[in-house]
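Chain naming here is simple, since letters A, B, ... match the order of the sequence lines and numbering starts at 1 in each. On a predicted model such as this, the values are computed, not experimentally measured, just so you know. Both backbone and side-chain heavy atoms feed into the values below; hydrogens, waters and symmetry mates do not.
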Amino acid sequence: MKLYNGGIILAGLVIFLGLVTMPVWANLGKPAYVPQKLTMPAAPNDKACIEDKEIMRNTHMQILDSWRDAVVRDGKRVYINRHGKQFAMSLQNTCMKCHNNKEEFCDKCHLEAAVTPYCWDCHIAPKGKKQ
Amino acid sequence: MNAIYSLVFVFALVLIPLFGVGAAQQTYFFGVCVPWTAFLIFLVFFTAKIIKWASRPVPFSIPTTAGQQWSNLDFIVHDKYDNPATTGQTWIRMILEVFAFRSLFRNTSMRVAMKDGKPIVGYFSAKWLWLFALMFHYAFFTIAVRHLRLFLNPVPKVFEILETLDGLLQIGIPRLYLTDMVIVAAVMFLLLRRVAVPTVRYISQVADYFPLLLILAIAASGIYMRYYAKVDVVAIKQLILGMVTLHPVKPIPATIDISFFIHLFLVSTLIFYFPFSKLMHLGGVFLSPTRNMPNDSRFVRHVNPWNDPNIKPHSYAAYEDDFRTPMIAAGLPVDKEA
């Protein structure tokens, strides 16, 4: 079979196939991906998180977003969870009391999913206890 | 009717993984087997189609001449990129075509109006198709690139920048992607154009509606996964990286929502359908003789590649030599008598 302008067409085809199969060869020889384990905060037993693990996993960003709106716009500062327990709506004073290391907690999933939350545009990122 | 058939077909495609995963729990089949099969079919048949096209000769020099052609008269201004005469100019025309959809930019609409009791024809520039086609393609491309965050580990910094830029408006949480809005708006426009404009509807086939509706369904399922179902991205990344490293995770993480399998099945359908459909314009645009040939037929002879070299040129004089006697007998004029 004779190709017309075969050189340039095949060159383009090879580049295209290389691009679409890029994930396959870019991962060649790399160790199998294992999702990182979150370092759970060593909190006292009476200090459970504000909501259950599953709820936090799926909707922590929305809770934080609604907290920001409630505090900044409405001046409402108390969060009552589904068990009737009260918490101060504060990233700094509630969440970061236990989750005191961004690198060990937040970044674990966010970096892998290339998610860039803008919490730290205003808040100071927790760096954990000084060694 | 064609639009309805396509819509029903897309609904049927949604039902397959809905029951296959939701009722039959075939997560491995829908999560690994189907996407890989679709991808392999895509690679093989895409390549086959390009090779097939490349093996077809172009018999004539047929570039579209959308502007003034080159002339050695210096008062005639050459329109370099709409009527290229050299290879370099043709490259620029192709780049403009591929990246800026220049031929759609020339789209016009025609209207007939009455003036003083006589019909007059008016032509108007019609940029909407160009605008929405451009928005659609760039949004689709950005979305495809954005998905690479699930295919690469560690994720290069550039994808974080892309995520930030795409969510620049900081609307809602998770941040609303601009490309999500743009692709839905653009596909809706392209779809409504086919449905609402009678002349376009008349020439629209199932093969025209189906990709649009399929892409709309893919976008909708993606939007649902991100903003409503809040799928487990880390588990999905585990599944996808297992797939691309050819070491699929087993069992498939149970935390993955069914909407992911629907999304994945629709995407698999799209890439499987790709090489057999109008979507092949991805490769075809580069092989369009009307775009990729320079208009140089006045100074370069284009020899039809399928000419049989054994057939030599046959001049009129030779023709007359062959048929002189019958021609004279039939009373036809001849250049040379007997």
Side-chain angles (χ1 to χ4, degrees), chain A residues 1-38 53-69 107-119 121-122, chain B residues 39 42-43 46-47 50-58 144 146-164 167 170 172-175 229-247 249 253 255 257 271 282-283 286-287 292 305:
Chain A
M1 188 165 53
K2 185 184 182 334
L3 297 184
Y4 298 90
N5 301 312
I8 191 164
I9 293 175
L10 289 181
L13 186 65
V14 167
I15 291 171
F16 174 75
L17 293 178
L19 283 176
V20 294
T21 54
M22 191 263 274
V24 175
W25 51 260
N27 284 301
L28 273 184
K30 286 202 183 156
Y33 170 73
V34 183
Q36 300 211 17
K37 276 259 181 285
L38 289 188
K53 194 165 115 189
E54 296 307 316
I55 297 174
M56 290 314 291
R57 193 176 276 170
N58 288 337
T59 61
H60 61 275
M61 56 304 221
Q62 283 166 314
I63 292 175
L64 288 170
D65 191 45
S66 64
W67 279 19
R68 182 198 61 188
D69 290 354
D107 287 353
K108 284 275 158 95
C109 297
H110 288 169
L111 284 184
E112 285 184 6
V115 177
T116 52
Y118 50 96
C119 312
D121 289 3
C122 307
Chain B
F39 186 60
F42 170 79
L43 291 181
F46 190 99
T47 308
I50 294 292
I51 300 290
K52 188 176 129 190
W53 284 343
S55 64
R56 294 283 186 277
V58 180
R146 224 177 48 206
H147 277 72
L148 282 178
R149 74 191 174 119
L150 302 170
F151 290 82
L152 299 171
N153 191 57
V155 186
K157 237 341 177 235
V158 62
F159 292 98
E160 289 177 21
I161 298 167
L162 188 62
E163 208 261 349
T164 311
Q170 300 190 344
I173 296 280
R175 262 175 293 178
K230 304 270 192 306
V231 290
D232 188 344
V233 176
V234 173
I236 288 172
K237 183 160 183 173
Q238 203 182 352
L239 166 66
I240 290 176
L241 273 176
M243 197 152 57
V244 297
T245 51
L246 308 178
H247 294 289
V249 279
T255 49
D257 191 76
I271 61 172
L282 171 68
F286 296 98
L287 306 187
N292 66 18

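Using a 4.5 Å cut-off between heavy atoms, A/N27 contacts chain B through both its backbone and its side chain. In this structure, the portion of A/L13 lying under 4.5 Å from any heavy atom of chain B is its side chain and not its backbone. For B/L287, the part lying under 4.5 angstrom from a heavy atom of chain A is the side chain only. For B/L150, no part lies near chain A; criterion is any non-hydrogen pair under 4.5 Å. Heavy atoms of B/T164 lying under 4.5 Å from chain A belong to its backbone as well as its side chain. For a residue to count as touching a neighbouring chain, one of its non-hydrogen atoms must lie under 4.5 Å from one of that chain's; by this rule B/R56 touches chain A with the backbone only. When heavy atoms are compared at a cutoff of 4.5 Å, A/A26 approaches chain B solely by way of its side chain, counted from C-beta outward. Residue contact with chain B, scored on non-hydrogen atoms closer than 4.5 Å, is absent for A/L64. With a threshold of 4.5 angstrom between heavy atoms, A/K30 approaches chain B through side-chain atoms but not through N, CA, C or O. Within the 4.5 angstrom heavy-atom criterion, no atom of A/V34 approaches chain B.
When B/M243, B/Q238, B/H247 are compared by the number of non-hydrogen pairs under 4.5 Å with chain A, B/Q238 comes out ahead. Interface summary for chain A: among B/Q170, B/R149, B/K230, the most heavy-atom pairs under 4.5 angstrom belong to B/Q170. Counting heavy-atom pairs closer than 4.5 Å to chain B, the top-ranked of the candidates A/M22, A/H110, A/M61 is A/M61. Ranked by heavy-atom pairs under 4.5 Å with chain A, the list B/L152, B/V249, B/T47 is led by B/T47. Interface check for chain A: of the options B/I50, B/I173, B/V244, the most heavy-atom pairs under 4.5 Å are formed by B/I173. Of the listed residues B/L162, B/V233, B/N153, B/I51, the one with more heavy-atom pairs under 4.5 angstrom with chain A than any other is B/N153. For chain A, the option among B/T255, B/L148, B/V231, B/V234 with the highest count of heavy-atom pairs below 4.5 Å is B/V234.
Distance alone, capped at 3.5 Å, places no donor-acceptor pair between the A/T59 side chain and the A/M56 backbone.
Contact check for B/V155 versus B/K237: side-chain heavy atoms found under the 4.5 Å cut-off.
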Side chain to side chain contact (heavy atoms under 4.5 Å, CB included) between B/W53 and A/I9, intermediate numbers included: CA-CA 10 Å; B/W53 284 343; A/I9 293 175; over 6 Å; no
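In this structure, A/H60 and A/R57 approach most closely via the heavy-atom pair ND1-O, 3.4 Å. Across all their heavy atoms, A/W25 and A/G18 have their closest contact at NE1-O, 3.0 Å. Closest non-hydrogen pair, B/P305 versus A/Y4, comes out as CB-CE2, 3.3 Å.
Annotation: B/F286, atom CZ; neighbour count of heavy atoms from other residues, nucleotides and ligands within 6.0 Å does not exceed 12. Heavy atoms of other residues, nucleotides or ligands lying less than 6.0 angstrom from CG of A/D69 number more than 12. No more than 12 heavy-atom neighbours from other residues, nucleotides or ligands sit within 6.0 angstrom of CD1 on A/I8.
Side chains of A/T116 and B/E160: a donor-acceptor N/O pair is absent below 3.5 angstrom, by distance only.
Classified by interplanar angle (parallel below 30°, tilted 30° to 60°, perpendicular above 60°), the ring pair B/F39/B/F42 is parallel.
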